[in-house]
*Asks:* 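Got a structure for you, questions after.
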Amino acid sequence: MKLHSCLFAILAASGLAHAETIEVLSQKLNIQNPAGYCSLGKSPRERELMALNERAVGQGARVVHVAIRCTELAEFKKGTRDQFDHWAQIQLLGPKGEFKRIDVSREAFLSAVSKNAPRTDMAAIQERINASFKDLDLSITGTQAHPVGRDGNAVYMSMRMNLMVGDTTKPISALGAVTLINSLPISALVYESSSSSFSRTRLQSTLQELLHGLLTSN
């Protein structure tokens, strides 16, 4: 599977982020991508990728937005790239598949998440992701997740996993932030699989940029 328009080229060259508004639970959610990231479009290949993202999450989450490093997405659409090294997701959270507004303060929500979040079943997550990859020569191994604290904006976590592509192994690092945006329980996640220590270090600022956009534009 291989995941362009002049707009993509302009964004990639300028490093400017693309802002857009989507509808989540019948209300608007404004999204500002991190600089250098472009939103997944509506071409057949991009729709296929979105469907893959949707299948890979459990019943407690719904993928509402995917953004990819603009240069990588442009290469994918031209057919010169098969996988990505930098991408981001925004998910709507809904325990047991119940997606609804939570009409409490952000502080109350974050406090509850910090105190009551169940232990993440990484084996189940890995199994589900691999099931979504069953028709591809891909698999995930060694999935790990750890909480890394909270502040007044979000509860944070880190994740590591290995992507097996044929006989090649690519380590994936991720950072996530769970927050409440206008009563919508949201998870923002950023990933990288470049095997670059600099790229891994940049994950934190990329996540903060994505989160800042959500908090200030909604």
Side-chain angles (χ1 to χ4, degrees), residues 22-31 39-40 47-68 87-136 138-151 153-163 172-193 203 206-207 210-211 213-215 218:
I22 62 174
E23 189 170 288
V24 180
L25 297 183
S26 299
Q27 73 180 70
K28 292 181 179 180
L29 180 67
N30 300 307
I31 296 171
S39 300
L40 200 61
R47 288 180 182 273
E48 184 180 358
L49 180 60
M50 186 64 176
L52 181 64
N53 277 264
E54 292 168 345
R55 293 197 303 271
V57 300
Q59 67 169 356
R62 179 187 298 165
V63 178
V64 298
H65 181 76
V66 175
I68 297 163
W87 69 99
Q89 277 186 356
I90 295 175
Q91 300 175 1
L92 174 68
L93 304 178
K96 299 181 181 179
E98 297 181 9
F99 297 96
K100 59 185 180 181
R101 291 167 49 88
I102 300 178
D103 293 317
V104 299
S105 69
R106 180 177 295 133
E107 177 56 35
F109 173 78
L110 296 179
S111 181
V113 169
S114 296
K115 294 177 182 177
N116 303 318
R119 184 177 181 83
T120 304
D121 188 344
M122 299 311 300
I125 291 175
Q126 182 171 293
E127 182 178 352
R128 183 174 62 249
I129 293 173
N130 285 332
S132 72
F133 290 167
K134 64 182 179 181
D135 296 328
L136 307 170
L138 305 173
S139 63
I140 293 289
T141 63
T143 308
Q144 302 176 34
H146 305 282
V148 291
R150 61 150 294 189
D151 56 21
N153 294 324
V155 174
Y156 301 95
M157 71 195 82
S158 67
M159 290 170 283
R160 293 293 301 272
M161 63 193 77
N162 295 312
L163 174 64
I172 297 176
S173 300
L175 289 176
V178 176
T179 190
L180 195 67
I181 305 291
N182 292 342
S183 299
L184 295 175
I186 293 293
S187 178
L189 302 113
V190 294
Y191 302 83
E192 78 86 33
S193 62
L203 273 180
T206 302
L207 176 63
L210 180 60
L211 181 62
L214 286 168
L215 294 170
N218 290 282

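It should be emphasised that the depicted structure is a prediction, and the values quoted were computed from it without experimental measurement. Atoms considered below: every heavy atom in the structure, side chains included; atoms not considered: hydrogens, waters and symmetry mates.
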*Asks:* How far apart are the closest heavy atoms of Met159 and Leu189, and which atoms are they?
*Replies:* CE-CD2, 3.2 Å
*Asks:* Is any side-chain heavy atom of Met157 closer than 4.5 Å to one of Val178?
*Replies:* yes
*Asks:* Distance check, rounded to the nearest 0.5 Å: Arg160 atom CZ versus Ile172 atom CD1?
*Replies:* 10.0 Å
*Asks:* What are the two closest non-hydrogen atoms of Ile22 and His65, and how far apart are they?
*Replies:* CD1-CB, 4.5 Å
*Asks:* Going by the side-chain contact (heavy atoms from CB on, under 4.5 Å) test, name the single residue among Val104, Leu25, Ile102, Asp103 that passes it with Ser183.
*Replies:* Asp103
*Asks:* Please output the side-chain donor-acceptor pairs of residues 88-99 that fall under 3.5 Å, not counting sequence neighbours, one pair per line with the distance.
*Replies:*
from	atom 1	to	atom 2	distance (Å)
Gln89	OE1	Gln91	NE2	2.7
Gln89	NE2	Asn53	OD1	2.5

*Asks:* Any donor and acceptor pair, going by atom type alone, linking the side chain of Asn30 with main-chain N or O of Asn218 inside 3.5 Å?
*Replies:* no
*Asks:* Would you please name every residue forming a side chain to side chain donor-acceptor pair (under 3.5 Å) with Arg150, sequence neighbours left out?
*Replies:* Glu107
*Asks:* Just wondering, do Leu110 and Leu180 contact through their side chains at under 4.5 Å, heavy atoms?
*Replies:* no
*Asks:* Do Leu29 and Leu214 come within less than 4.5 Å of each other through their side chains, counting heavy atoms only?
*Replies:* yes
*Asks:* Do side-chain atoms of Ser173 reach the backbone of Glu192 as a donor and acceptor pair under 3.5 angstrom?
*Replies:* no
*Asks:* Partners of Glu23 by side chain to side chain donor-acceptor pair (under 3.5 Å), sequence neighbours excluded?
*Replies:* none
*Asks:* Which residues pass the side-chain contact (heavy atoms from CB on, under 4.5 Å) test with Asn162, sequence neighbours left out?
*Replies:* Thr141, Thr169, Pro171
*Asks:* Is the backbone N or O of Asn182 less than 3.5 Å from a side-chain atom of Gln27, with the two atoms forming a donor-acceptor pair by type?
*Replies:* yes
*Asks:* Looking at every non-hydrogen atom in both residues, tell me the closest pair between Ser114 and Val155 and how far apart they are.
*Replies:* OG-CG2, 3.4 Å
*Asks:* Applying ring pair (Phe, Tyr, Trp, His ring centres under 6.0 Å), name anything that partners Phe109, two or more places apart in sequence or on another chain.
*Replies:* none
*Asks:* If we only count heavy atoms from C-beta on, is the Arg106 to Leu215 side-chain gap below 4.5 Å?
*Replies:* yes
*Asks:* Check side-chain contact (heavy atoms from CB on, under 4.5 Å) between Leu207 and all other residues, then give those that pass, not counting sequence neighbours.
*Replies:* Tyr156, Leu175, Ala177, Ala188, Val190
